Amino acid sequence: IKVMRKTTAEEIKDKLHKGVVEFTFIKSDGSIRIAKGTLHEKILNEKLGGKSSTKTSSPKVQVFWDLEKDAFRSFTIGTEKNLISFEERI
């Protein structure tokens, strides 16, 4: 049995910066999305060819590099119902 606890925005950001994370969230259109993402500096440098990886957004939105879409994506944080699961993979 997997027990879920509320994940804070700071924990999410920290895990994304440390490596690859797989997470499930509810998109704004109501559909469920499973994503594998990161904000790890080395991975972003490889993907972006050394270009700036700074992406700003609202404090209620978490930006991440989607490893399957090969592009920046985001999801809303701050409400428990948006994020279904969050697991560190690497």
Side-chain angles (χ1 to χ4, degrees):
I1 298 173
K2 185 175 184 175
V3 177
M4 289 297 299
R5 67 172 181 77
K6 186 176 179 181
T7 304
T8 67
E10 204 54 46
E11 287 174 311
I12 293 168
K13 186 180 285 190
D14 185 53
K15 288 182 182 190
L16 285 167
H17 279 284
K18 286 182 178 177
V20 176
V21 182
E22 185 173 292
F23 50 97
T24 305
F25 62 96
I26 300 173
K27 294 173 50 173
S28 58
D29 67 4
S31 63
I32 294 176
R33 165 103 153 79
I34 299 171
K36 194 166 18 172
T38 190
L39 287 174
H40 191 276
E41 186 177 346
K42 182 178 177 185
I43 296 170
L44 290 180
N45 281 337
E46 289 172 6
K47 295 290 184 180
L48 300 174
K51 295 179 185 173
S52 174
S53 61
T54 305
K55 186 105 170 140
T56 58
S57 66
S58 161
K60 294 182 179 184
V61 174
Q62 178 60 61
V63 174
F64 65 97
W65 182 263
D66 189 315
L67 294 166
E68 293 164 342
K69 303 283 185 182
D70 212 25
F72 281 108
R73 296 289 190 258
S74 63
F75 62 92
T76 304
I77 54 176
T79 58
E80 272 184 63
K81 61 184 178 183
N82 290 61
L83 191 63
I84 297 172
S85 69
F86 200 85
E87 293 184 34
E88 203 167 350
R89 292 290 180 199
I90 294 177

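The shown structure was predicted, so the numbers you read here are calculated from the model rather than taken from an experiment. Here, residue 1 is the first one in the sequence, and each next residue gets the next number.
- Annotation: salt bridge (Lys or Arg N to Asp or Glu O under 4.0 Å) contacts of Asp29 (sequence neighbours excluded): none.
- Taking all atoms of both residues into account, the shortest heavy-atom contact from Val61 to Ser74 is CG1-CB, 3.4 Å.
- Listed by chain and number, the residues in a salt bridge (Lys or Arg N to Asp or Glu O under 4.0 Å) with Lys69 amount to none (sequence neighbours excluded).
- Scanning all heavy atoms of the two residues, the minimum distance from Phe64 to Leu39 falls at CA-CD2, 3.9 Å.
- Among residue pairs with one or both ends in residues 38-50, those qualifying as salt bridge (Lys or Arg N to Asp or Glu O under 4.0 Å) are Lys47-Asp70; sequence neighbours excluded.
- Inter-residue side-chain proximity for Phe25 and Thr76 is flagged as unmet; no heavy-atom pair is nearer than 4.5 Å.
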Inset, instruction - With side chain to side chain contact (heavy atoms under 4.5 Å, CB included) as the test, would you mind laying out the steps for Phe23 and Ile12 before giving the verdict? - result: CA-CA 10 Å; Phe23 50 97; Ile12 293 168; over 6 Å; no

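- When side chains are defined from C-beta on, Lys27 does not count as touching Phe75, because their heavy atoms never get closer than 4.5 Å.
- Partners of Arg33 according to the salt bridge (Lys or Arg N to Asp or Glu O under 4.0 Å) rule, which considers only residues two or more places apart in sequence or in another chain, are Asp66.
- Side-chain contact between Glu22 and Ile34 is present, with at least one heavy-atom pair separated by less than 4.5 Å.
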Legend entry - side chain to side chain contact (heavy atoms under 4.5 Å, CB included) between Lys36 and Val21, intermediate numbers included: CA-CA 6 Å; Lys36 194 166 18 172; Val21 182; over 6 Å; no

Inset, instruction - Please report the C-alpha distance between His40 and Lys18 in whole Å, then the side-chain angles of each, then the deciding distance to 0.1 Å, and finally whether the side chain to side chain contact (heavy atoms under 4.5 Å, CB included) criterion is met. - result: CA-CA 6 Å; His40 191 276; Lys18 286 182 178 177; 5.6 Å; no

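- Residues Thr24 and Ile32 are in side-chain contact: their nearest non-hydrogen atoms beyond the backbone lie under 4.5 Å apart.
- Although no hydrogens or angles enter the test, the distance criterion places a donor-acceptor pair under 3.5 Å between the side chain of Thr38 and the main chain of Leu16.
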